[in-house]
Participant: 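Structure below; questions to follow.
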Amino acid sequence: MAYSDKVIDHYENPRNVGTLDKSKKTVGTGLVGAPECGDVMRLQIEVDETSGIITDAKFKTFGCGSAIASSSLATEWLKGKTVDQALSIDNMDIVEELSLPPVKIHCSVLAEDAIKAAINDYRTKNGMEALVFEESIVH
Amino acid sequence: MELKLPVYLDNSATTPVDPRVLETMIPYFTDNFGNAASRNHSFGWHAEEAVDYAREQVAALINAQSAKEIIFTSGATEAINLAIKGVADMYARKGNHIITCTTEHKAVLDTCKALERKGIVVTYLKVDESGMIDLAELRAAISEKTILVSIMAVNNEIGVMQPIVEIAQIAHQYGALFMTDATQAAGKVPIDVQGMGIDLLTCTAHKMYGPKGVGALYVRRKNPRVKVTAQMDGGGHERGMRSGTLNVPGIAGFGRAAELCRLDMASDAQRVTDLRDKLENALMQLPETYVNGHRLHRTPYISNISFKYVEGEGLMMGFNKNIAVSSGSACTSASLEPSYVLKALGLDDELAHSSIRFSLGRFTTEAQIDFAIAEVTKAVNRMRDLSPLWEMHLDGVDLKTIEWAAH
């Protein structure tokens with residue numbers, strides 16, 4: 001199966017690989033997927049408390065090229081957005097941007113789930129209620 | 001000599017045709033294009049001569065008593081279907097039980113599944129963590145109702161060799177036939193159907209430097225005389241067991257390929273063993289790296305390695321422009337299931353998803369292996385830097401203690 005040029009670019013030059021200090025109150029961490037399914041994504045955001053703007057985002061992913069590209073792209077999109085704006089990132093935007101084939105749509109779903117999980121982690125750390133999301137598609 | 005890219009290390013999928021094989025085949029497309037079944041003119045005689053010679057060569061490769069015991073087919077899948085379904089039909093009066101194992105190729109497993117829908121009872125023997133079946137489990141499963149025991153000689157994913165001599169003996173004690181799928185074994189490791197007690201054997205040309213589209217079924221003619229019911233109706237070719245005009249150029253190539261494999265088997269295997277050992281020893285320098293399958297009872301042509309905490313498909317993407325290998329992971333399939341063979345070995349999921357199959361061949365060179373070692377090492381290190389599981393491992397987190405979100 002051939003990957004799109006954008007997937008290859010993210011795979012070869014992944015953006016924002018790394019680890020933020022998860023013990024910090026300003027950092028939200030989302031760990032989604034499972035080793036048995038062949039993908040695990042960890043996505044972290046650092047939020048400026050006064051403005052609510054995501055100042056940094058990092059990821060690490062165990063998975064195929066599309067999973068790596070989806071999470072790499074997600075970190076690019078997260079930076080500079082407010083937490084509320086970040087919630088509007090939809091997995092289909094990732095599918096479109098990376099031209100993912102149908103068998104790889106689950107990678108984008110996982111990236112969306114990782115964003116939401118990171119935001120909820122940030123919210124609960126800061127005394128806010130976790131948001132309840134609709135069940136995502138089974139991947 | 002400059003290294004030509006990409007490097008091919010997927011010889012268990014298929015092998016290139018040996019130039020000597022191609023040379024043998026070419027006249028049977030052009031000057032000697034006759035139908036081997038044409039008995040009345042020289043075109044047919046030439047074709048028949050080529051087929052007879054090839055039949056003798058395939059018979060010699062597996063030490064069959066007679067060339068008449070070789071039935072040519074379109075490949076191993078057809079040979080397997082013919083053998084298993086043909087035995088089930090022919091021996092229906094004796095019994096309705098077949099024994100095979102969970103790590104067989106899909107051609108065997110799915111044929112058995114098809115027979116189950118028709119009332120045949122199939123036992124799938126389990127394998128241990130090294131991929132070997134347990135002879136005690138076979139003894140417990142077999143009965144007077146068992147008509148066939150079918151166990152592969154060499155596993156296509158991990159290269160493990162089952163104890164087929166002992167398996168054949170147990171089968172015969174109960175009056176069952178013993179069949180082996182020797183697709184990965186024939187031409188690569190010594191096979192002796194007489195000495196090993198094999199009643200039916202399947203193989204294909206394209207895994208032994210012959211062309212695609214031609215395979216063979218060995219059907220024993222003496223002690224016992226084995227019969228299979230034809231699965232295709234037609235002109236009654238191949239002693240009535242497999243109708244259809246013979247693929248003369250393909251068969252001529254198969255014969256030449258079998259001859260070369262028989263003559264070069266020992267020297268090829270020694271050279272490939274050295275290269276395999278070099279590859280494995282170098283890659284095992286990487287931490288948390290494991291060879292899957294039994295380390296001794298296996299073919300030198302296949303090395304299945306798990307690089308723990310990196311996903312196989314993602315890893316392969318790092319070098320598949322330059323190296324052709326297979327991954328045990330199947331992320332492209334809807335099920336996202338890793339290889340059923342590795343799962344049958346009881347591998348942890350993060351290991352099963354992390355496996356790469358390197359398969360070597362006659363044309364693999366040391367320069368190619370050196371290149372592969374460097375590229376794969378680089379890619380594994382890069383992917384581990386990207387892997388959250390690797391980071392957790394370094395931090396001493398036991399992945400089994402984490403509650404993963406269920407998919």
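Per chain, numbering begins at 1; letters A, B, ... match sequence-line order. Keep in mind that what you see is a predicted model, and the values were worked out from it rather than measured.
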Participant: Apply side-chain contact (heavy atoms from CB on, under 4.5 Å) to Tyr3(A) and Met317(B), showing your working.
Facilitator: CA-CA 9 Å; Tyr3(A) 287 100; Met317(B) 194 176 160; 3.5 Å; yes
Participant: Between Lys321(B) and chain A, which part of the residue has a heavy atom less than 4.5 Å away: side chain, backbone, both or neither?
Facilitator: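 The answer is the side chain of Lys321(B).
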Participant: How about residues 22-30 of chain A versus chain B: which residues have heavy atoms under 4.5 Å apart?
Facilitator: none
Participant: With sequence neighbours left out, write down each residue that passes ring pair (Phe, Tyr, Trp, His ring centres under 6.0 Å) with His393(B), or none if nothing qualifies.
Facilitator: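 For His393(B) the ring pair (Phe, Tyr, Trp, His ring centres under 6.0 Å) partners, ignoring immediate neighbours, are Tyr309(B), Trp390(B).
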Participant: Tell me, for Val17(A) versus chain B, whether the close heavy atoms (under 4.5 Å) come from the side chain, the backbone, both or neither.
Facilitator: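 For Val17(A), side-chain heavy atoms alone lie under 4.5 Å from chain B.
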Participant: Of the non-hydrogen atoms in Trp404(B) and Val40(A), which two are nearest, and what is the gap between them?
Facilitator: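 Reported closest heavy-atom pair: CZ3-CG1, 3.6 Å.
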Participant: Counting only heavy atoms not in Asp398(B) (residues, nucleotides, ligands), do more than 12 fall under 6.0 Å from its CG?
Facilitator: yes
Participant: Within residues 380-388 of chain B, which residues come under 4.5 Å of chain A, heavy atom to heavy atom?
Facilitator: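 Residues of residues 380-388 of chain B touching chain A at under 4.5 Å: Arg382(B), Met383(B), Asp385(B), Leu386(B), Ser387(B), Pro388(B).
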Participant: Kindly determine whether Glu391(B) and Arg42(A) satisfy side-chain contact (heavy atoms from CB on, under 4.5 Å), including the steps that lead there.
Facilitator: CA-CA 11 Å; Glu391(B) 187 184 307; Arg42(A) 190 193 62 200; 2.9 Å; yes
Participant: Quick check on Gln85(A): does its CD atom have over 12 non-hydrogen neighbours (other residues, nucleotides or ligands) under 6.0 Å away?
Facilitator: yes
Participant: Does anything in residues 44-60 of chain A reach chain B? List residues with heavy atoms under 4.5 Å apart, or say none.
Facilitator: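 Expected list: Phe59(A), Lys60(A).
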Participant: Which of the residues Thr19(A), Ile68(A), Ile8(A) is involved in the greatest number of heavy-atom pairs with chain B at under 4.5 angstrom?
Facilitator: Thr19(A)
Participant: Is the backbone N or O of Phe62(A) less than 3.5 Å from a side-chain atom of Glu311(B), with the two atoms forming a donor-acceptor pair by type?
Facilitator: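 Absent.
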Participant: Rounded at 0.5 Å granularity, tell me how far NE2 in His353(B) sits from SG in Cys37(A).
Facilitator: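 His353(B) atom NE2 to Cys37(A) atom SG measures 6.5 Å (nearest 0.5 Å).
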Participant: Using non-hydrogen atoms and a 4.5 Å limit, figure out which bit of Leu351(B) sits close to chain A: side chain, backbone, both or neither.
Facilitator: neither
